[in-house]
Protein chains: 2
Amino acid sequence: MAYFDAGTPGQGAAPRMTGAPICTPSKTSFSEFGGKAVQYDTHAVIYYEGDPAKRLYELVKGSVMLYKLLPDGRRQVVEVLRPGDIFGLAGSDENDCTAETLTNAEIQEIDLKQVERSDALQRTLTRCLTNQMRVLHEHAVLLGRKSAVERVASFLMHLVPDRGGVGCIGPIDDSDDGFDLRLHMTRQEIADYLGLTIETVSRVVSDLKRRGVIRVDRADQIHLNKVCSLCQMTGMH
Amino acid sequence: MAYFDAGTPGQGAAPRMTGAPICTPSKTSFSEFGGKAVQYDTHAVIYYEGDPAKRLYELVKGSVMLYKLLPDGRRQVVEVLRPGDIFGLAGSDENDCTAETLTNAEIQEIDLKQVERSDALQRTLTRCLTNQMRVLHEHAVLLGRKSAVERVASFLMHLVPDRGGVGCIGPIDDSDDGFDLRLHMTRQEIADYLGLTIETVSRVVSDLKRRGVIRVDRADQIHLNKVCSLCQMTGMH
DNA sequence: CGAAACCTTGACTTAGGTCAACAAAAGTGG
DNA sequence: CCACTTTTGTTGACCTAAGTCAAGGTTTCG
């Protein structure tokens with residue numbers, strides 16, 4: 001019942017539950033380049049799609065999603081970012097997505113003009129963008145070719161460090177192989193990320209529960225009973 | 001009946017039909033950095049998913065697709081590249097996609113070690129990657145949230161320079177507003193790009209034909225009768 | 001405690017997938 | 001240049017995964 005991250009739910013950082021950063025934030029933090037750290041609340045909009053692109057952002061702590069809207073209100077969450085990821089580069093003078101926090105977050109911000117100048121920063125950018133691109137490729141497979149169950153299984157597996165997704169290392173060994181997750185997303189946000197409806201996400205989660213693959217402690221707090229068997233449901237094995 | 005690109009079908013370059021390059025290849029061509037130009041035939045594999053990533057590629061002429069396979073054979077085409085686009089950066093030591101030509105193509109290749117060194121190249125990379133990222137974001141919306149008709153309409157609109165997609169400039173004016181397209185993709189490739197089946201793509205194309213929106217001259221050669229009315233079907237207006 | 005937001009479940013509908021037959025191109029080799 | 005095979009595309013009949021609509025149940029929070 002009690003989770004490893006003792007402390008106020010929805011607040012205290014849960015080290016075990018957040019994945020290892022892909023880029024190395026400490027070494028490449030924008031602070032060295034004149035960036036400033038900004039704190040955001042949960043569900044705060046950092047910028048809107050269509051706004052003029054002024055700054056480059058690096059997520060230091062917490063979680064951020066990028067999404068796009070169609071005129072009739074359909075939404076697609078195109079990226080869910082983790083510490084170390086960068087965003088705000090639009091390739092034009094307007095942001096192509098809306099950026100909104102999923103948790104309270106610490107974000108390093110740096111003027112785009114600064115970015116132009118620094119070679120070191122360009123190098124970091126290339127590396128980060130390449131990584132995010134690979135994630136987008138994999139997400140395209142999910143959106144274009146996977147069933148609802150495979151989408152949800154893949155989504156959950158991505159929250160397990162070093163499992164699911166790109167650098168999956170397979171079953172760590174025998175042992176019980178369980179894992180606690182905090183999603184930090186509502187069913188609607190998950191649905192909009194996975195290209196499903198809220199009802200379908202809910203049904204798949206209930207089904208995984210019924211089949212004993214997961215245990216749902218709170219809506220956004222899920223225990224994977226056997227990481228391995230969930231991994232088998234991602235369509236990638 | 002006769003197309004503007006007089007000449008052998010399937011061979012002669014059709015300038016009106018290829019979109020304006022997003023990155024500027026002439027200025028940033030790898031040749032300056034010690035890259036070498038390589039010619040590929042149609043449907044040649046440049047590298048396979050999982051192969052060690054050795055080189056960075058810049059598409060100079062022709063068309064290339066990147067795709068990923070699931071173990072059971074399902075395929076998702078994750079990018080369709082145009083001249084000026086770069087590929088081959090994997091962010092790890094293995095390529096995350098297979099790269100295959102759609103036409104015969106000229107490609108500049110440069111050793112990844114070279115890339116590490118050059119600041120100018122890094123700058124180019126950042127710009128190209130940012131642009132490709134924006135395209136991937138938009139494609140995620142297509143895959144996650146659009147209907148079959150909207151997907152096909154969006155796909156066709158993307159082949160019209162300056163229309164559909166990111167930098168759509170709306171109806172150029174009155175006039176007839178027609179346009180000739182060469183797809184350079186089979187129905188299977190289109191289906192795998194749009195997250196549909198071959199039958200659905202075929203049905204949608206037939207339907208657009210029946211409704212007088214397009215005229216199908218050959219399977220991969222389509223005339224848009226009224227660009228504007230097709231644009232209305234993309235879900236973006 | 002009560003309102004609002006969020007989640008779950010059931011009954012029903014439908015867009016797009018599957019399977020199968022056939023048609024039309026595009027190669028191939030004599 | 002013409003049979004012949006292979007590949008690619010179209011269409012119809014049917015099926016099903018996931019969407020829609022609607023009713024209730026839980027959480028969360030003022």
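Residue numbers begin at 1 in each chain, while the letters A, B, ... track the order of the sequences.
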inquiry  = It should be established whether B:Ser206 places a side-chain nitrogen or oxygen under 4.0 Å from OP1 or OP2 of nucleotide D:dT11.
reply    = yes
Distance in angstrom units between A:Asp192 CG and C:dC6 P, rounded = 12 Å
query = Between atom CG in B:Leu143 and atom C1' in C:dG16, what is the gap in whole Å?
reply = 15 Å
query = Side-chain donor or acceptor of B:Glu199 under 3.5 Å from a matching atom on the base of C:dC19?
reply = yes
ask   = Taking N and O atoms by type only, does the side chain of A:Arg203 place a donor or acceptor under 3.5 Å from a partner on the base of C:dG10?
value = yes
ask   = How long is the line joining CG of A:Asp220 and C1' of C:dA5, in whole Å?
value = 14 Å
task = Classify the nucleic acid contact of B:Leu196 as base, sugar-phosphate or nothing, counting any heavy atom under 4.0 Å across all strands shown.
result = sugar-phosphate
query = What's the CD-C1' distance between B:Glu189 and D:dG9, to the nearest Å?
reply = 13 Å
ask   = With a 4.5 Å limit on heavy-atom distance, are the side chains of B:Val64 and B:Tyr57 in contact?
value = no
message = Output the rounded distance in Å from CD (B:Gln188) to P (D:dT10).
response = 13 Å
ask   = Rounded to the nearest Å, what distance is computed from the CG atom of residue A:Leu183 to the C1' atom of nucleotide C:dC6?
value = 14 Å
key: N or O in side chain of A:Thr200 less than 4.0 angstrom from D:dA18 OP1/OP2   = no
message = Counting only side-chain heavy atoms from C-beta out, which of D:dA18, D:dT10, C:dC7 sits nearest to A:Ser202?
response = C:dC7
Short side-chain N/O contact from A:Arg187 to OP1 or OP2 of C:dT8, under 4.0 Å = yes
ask   = Between the side chain of A:Lys68 and the main-chain N/O of A:Asp96, is any donor-acceptor distance below 3.5 Å?
value = yes
key: Side-chain (A:Arg187) to main-chain (A:Ile198) donor-acceptor, under 3.5 angstrom   = no
message = Side chain of A:Thr197 only, heavy atoms from C-beta on: which candidate in D:dG19, D:dT8, D:dT10 is closest?
response = D:dG19
ask   = Roughly, in whole Å, what's the span from CD1 in A:Ile198 to C1' in D:dG19?
value = 13 Å
query = Rounded to the nearest 0.5 Å, how far apart are CD of B:Gln76 and CG of A:Leu143?
reply = 8.5 Å
inquiry  = Assuming nearest nucleotide by heavy-atom distance, tell me which of A:Val149 and B:Thr186 is located more 5' along DNA chain D.
reply    = B:Thr186
query = Would a 4.5 Å heavy-atom cut-off, applied to side chains only, mark B:Met185 and B:Val80 as touching?
reply = yes
